[in-house]
Amino acid sequence: MRILLYNPDNGVTRNFMPHLWMFLLQSLTPPGHEVLLIDGNAKPMDEAQIAQYVCDEKIDLVGIGAMTRMIAKAYRIADAIRATGVKVVMGGPHVTELADEALGRDGGARHADAVALGEADETWPKIVDDAARGELKEIYTPVDDAGKERKPSLKEYPVIPWQSIDLEQFNLVPKAAFPLLKKIGEGWGTFRIIPVESGRGCPYGCEFCTVTGFFGDSIRFRTNESVVNELLLLKKRARKEKGQMAVFFIDDNFAINVNRTKSLLRDIIAAGAQVHWVAQISANLLRDEELVDLIAASGGKWVFIGMESIDPANLKDVNKGFNKPGEYTEVLERLAKRNVYAITSFIFGMDYDTVGAAERTLAQVRTWPPGLPIFGLLTPLPATPLYKRLELAGRLTRPRHWKEFIPFAMAHTPLKMSIDEAHAEVNYGWAHSYSPEALAEAVDSLHDQPLGYRVNIFLARLCFRGIYFPMMGKLAWAKVVAQNRHTIFKLVKEAVFGGESRRPRNPEGEISYEEAAPETQVSAGD
Ligand code: B12
Ligand code: SF4
């Protein structure tokens with residue numbers, strides 16, 4: 001069979017990295033089939049285009065995976081493909097929780113011929129075999145012979161053939177940035193961020209999160225050897241294509257077992273398998289100095305920390321009381337001392353949030369080493385304890401919010417502010433963290449560091465800005481470049497002529513962020 005694996009775009013941001021599930025299922029496909037991959041984030045297609053593609057390429061089976069926020073698009077694409085007569089299998093967290101919705105058993109339209117519930121590592125080969133025999137079942141559940149749910153062990157992890165996979169869709173280097181990047185060092189023909197998992201599962205059970213329910217609280221790890229070999233493969237490819245390859249360890253909590261993480265990082269160092277990497281690690285696990293030493297020595301550059309709130313009452317309320325806002329500064333400084341920086345993620349619209357929550361949060365953020373703050377809204381995802389609590393309390397204002405996905409919009413009313421006020425807090429957080437002034441300050445705060453670090457934080461901030469402010473077209477990018485021209489000029493000047501070229505923080509006449517791009521602001525209720 002010719003199989004297409006398709007990941008829909010979210011219509012808002014351009015993904016900076018491909019989704020692991022596609023490469024994983026491709027590697028787990030039994031021999032004798034050809035698997036094509038399309039990530040809608042890199043290759044956007046509408047319903048008609050994908051239907052045409054499926055016909056032109058003579059595709060026999062399509063697999064679609066999607067998070068809740070992309071599910072409406074996923075269903076539209078699935079409908080268009082099914083209309084051509086080709087079978088569609090859907091998988092991933094959303095359809096696992098709401099299989100009836102995908103199969104049209106909830107009174108709505110049917111979108112999928114089959115759904116794969118939960119982790120599909122072991123069911124995917126069966127799905128492919130059944131489809132090839134024309135005997136596709138409706139539901140595939142990962143169970144053992146006794147019918148008991150079985151989580152795949154990661155000890156026998158497949159080798160993903162990174163050396164030969166077509167990654168053309170995922171080069172992040174814009175041609176215009178070449179001259180500046182060349183100054184930092186050779187080998188910037190490509191820059192790709194590759195998802196790698198070293199383990200699955202998280203026992204913490206935060207109220208808003210699907211992970212504990214989906215992957216279970218039993219944590220499973222790949223062998224160190226298998227992870228190290230994957231990194232070596234990626235390094236080899238980067239060298240071959242004279243480019244850069246960074247890794248996102250997508251484990252939900254990369255240091256959930258600190259001793260095991262240390263042992264993995266030691267093995268990475270011993271094998272010379274260091275690449276620049278990013279991982280998600282909760283703040284409580286970053287108290288360990290030796291762990292942070294090893295993170296830095298093994299190539300760790302950015303750590304994603306789900307801080308969620310600076311208010312302990314909020315944290316306790318969503319079962320994340322293990323986060324201690326009192327230690328955030330210490331943790332971030334411990335990382336920054338080793339030139340590791342943090343993506344700090346915050347959620348507004350929690351039940352103890354009041355108006356001004358964003359400014360109170362930013363007041364703290366400004367005292368921290370520069371990083372990448374990101375802001376979202378508390379979202380009741382299906383099957384989470386949060387969803388159940390809000391549903392029981394009759395507080396859901398859009399109980400099926402995914403059917404008409406609206407980015408950065410609440411689906412319930414917080415207790416101490418209105419929905420519009422919560423939206424305004426998120427807007428405030430983004431606008432004041434990604435303004436040209438904020439970007440210049442982040443770059444300036446690293447004035448004693450090599451140019452590469454400043455370029456790194458600047459480019460990272462520019463890209464992260466796009467999570468909230470639409471930056472999909474050339475025009476949008478041109479505007480952002482114009483707004484940040486002083487910082488860009490300064491960095492380019494330093495790259496070309498060397499040395500420091502400082503400028504006043506708030507030069508007279510600089511257009512403010514709000515003045516310069518009012519149309520890019522996402523207003524409350526959008
Ligand atoms: C990496 C990651 C991201 C990356 C982007 C995704 C990427 N390019 O990889 C980043 C950091 C950008 C990100 C952002 C967000 N993420 Co995220 N992310 C993850 C994370 C940590 C890992 C995903 C992964 O690769 N897992 C490993 C693979 C192997 O597992 P999997 O994808 O589930 O696939 C398995 C099965 O589901 C199944 N399967 C999946 N698809 C398909 C398709 C078919 C056909 C079949 C048969 C099977 C199948 O088979 C696979 C193998 O077993 C997950 C949590 C997690 N551990 O999964 C959250 C997760 C997916 N993210 C989540 C969320 C909510 C978000 C955000 C909305 C967060 C926010 N508030 O801003 C944003 C949205 C981003 C966007 N694009 O719109 C939720 C989604 C829940 C839901 N019901 O939708 C998760 C589950 C975490 C959580 N907190 O609950 N995320
Ligand atoms: S620590 Fe992170 S992955 Fe684990 S349950 Fe909480 S939010 Fe989810």
Side-chain angles (χ1 to χ4, degrees), residues 3-25 28 39 41-42 61-71 74 78 88-98 112 114-124 127-128 140 142 151-152 154 170 193-197 199-215 217 248-254 256 278-285 304-306 308 318-320 322-323 343 345 347 374-379 381-384 387 402 405 407-408 464 467-468:
I3 303 170
L4 170 67
L5 297 180
Y6 173 81
N7 196 87
D9 61 281
N10 65 25
V12 185
T13 51
R14 182 144 293 162
N15 255 14
F16 60 88
M17 83 171 167
H19 286 261
L20 180 60
W21 71 264
M22 306 172 86
F23 302 108
L24 195 56
L25 295 194
L28 291 166
D39 190 323
N41 292 291
L61 177 71
V62 177
I64 302 181
M67 296 184 199
T68 294
R69 62 187 274 152
M70 287 91 134
I71 203 71
V88 171
V89 183
M90 295 187 78
H94 186 88
V95 299
T96 294
E97 309 305 352
L98 298 176
V115 291
L117 304 185
E119 296 172 60
D121 309 53
E122 289 171 4
T123 45
W124 175 246
I127 294 172
V128 173
Y140 289 84
K151 300 274 178 209
L154 301 184
F170 300 107
I193 303 181
I194 300 297
V196 172
E197 63 182 337
R200 287 185 198 162
C202 177
Y204 286 174
C206 302
E207 195 194 27
F208 52 81
C209 180
T210 62
V211 168
T212 307
F214 187 89
F215 288 101
D217 51 10
F248 190 136
F249 284 114
I250 54 90
D251 307 34
D252 294 295
N253 213 334
F254 184 58
I256 191 73
V278 188
Q280 315 183 93
I281 304 179
S282 54
N284 58 319
L285 300 171
F304 182 107
I305 306 179
E308 328 303 7
V318 296
N319 202 30
K320 199 153 184 171
F322 58 87
N323 263 12
I343 302 162
S345 168
I347 300 175
I374 57 174
F375 310 93
L377 288 159
L378 190 63
T379 306
L381 293 168
T384 55
Y387 191 96
W402 52 89
F405 172 68
F408 296 101
F464 269 57
I467 297 175
Y468 186 72

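Whatever order the structure lists them in is the order used to number ligands and atoms, beginning at 1. Computed from a predicted model, the values in this text were never measured in an experiment.
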Strictly under 4.0 Å, does any heavy atom of Ala383 approach an atom of ligand 1? no
N or O contact, Thr68 vs ligand 1, cut-off under 3.5 Å: yes
Taking the minimum heavy-atom distance to atom 56 (C) of ligand 1, which of Phe215, Trp124, Tyr140 ranks first? Phe215
So if I count the atoms of ligand 1 from 1 in the order they appear, which ones are less than 4.0 Å from some heavy atom of Met17? 1 (C), 7 (C), 8 (N), 9 (O)
Of all the heavy atoms in Leu25, does at least one lie under 4.0 Å from an atom in ligand 1? yes
Heavy atoms only: give me the nearest Pro8-Gly65 pair and the separation to one decimal. CD-O, 3.1 Å
Taking distance alone, with no angle check, do Glu197 and ligand 1 share an N/O pair under 3.5 Å? no
Quick check on contacts: which atoms of ligand 1 are under 4.0 angstrom from a heavy atom of Glu119? 53 (O)
Tell me, please: is Gln280 in heavy-atom contact with ligand 1, that is, under 4.0 Å? yes
Protein N, O or S within less than 2.8 Å of atom 6 (Fe) of ligand 2, waters excluded: Cys206 SG
side-chain hydrogen bond (donor to acceptor under 3.5 Å, both in side chains) involving Thr123 - partner list, sequence neighbours excluded: none
Pro152 meets the side-chain contact (heavy atoms from CB on, under 4.5 Å) criterion, sequence neighbours left out, with Glu119, Asp121, Glu122, Arg200, Arg220
Could you check whether the rings of Trp402 and His94 sit parallel, tilted or perpendicular, using 30° and 60° as the cut-offs? perpendicular
Ring centres under 6.0 Å, that's the criterion: do Phe375 and Tyr468 meet it? no
Show which atoms of ligand 1 fall inside a sub-4.0 Å distance from at least one heavy-atom site of Ala116. 47 (C)
Just let me know how Pro382 lines up against ligand 1, side chain, backbone, both or neither, with a heavy-atom cut-off below 4.0 Å. neither
Under 4.0 Å from any heavy atom of Leu381, which atoms of ligand 1 are there? 65 (C), 81 (C)
Below 4.0 angstrom from a heavy atom of Ile64, which ligand 1 atoms are there? Numbered from 1 as shown, please. 43 (C), 44 (C), 45 (C)
Looking at ligand 1, does any of its N/O atoms fall within less than 3.5 Å of an N/O of Asp252? yes
Does Ala120, backbone or side chain, put an N or O under 3.5 Å from an N or O of ligand 1? yes
Checking Glu207 now: which residues fulfil salt bridge (Lys or Arg N to Asp or Glu O under 4.0 Å) with it, not counting sequence neighbours? Arg389
Check if Glu97 has a non-hydrogen atom at a distance under 4.0 Å from any atom of ligand 1. no
Any nitrogen or oxygen of Thr210, main chain or side chain, under 3.5 Å from a nitrogen or oxygen of ligand 1? yes
Ignoring hydrogens, just give me the one of Gly65, Gly118, Gly91 whose non-hydrogen atom is nearest atom 38 (C) of ligand 1. Gly118
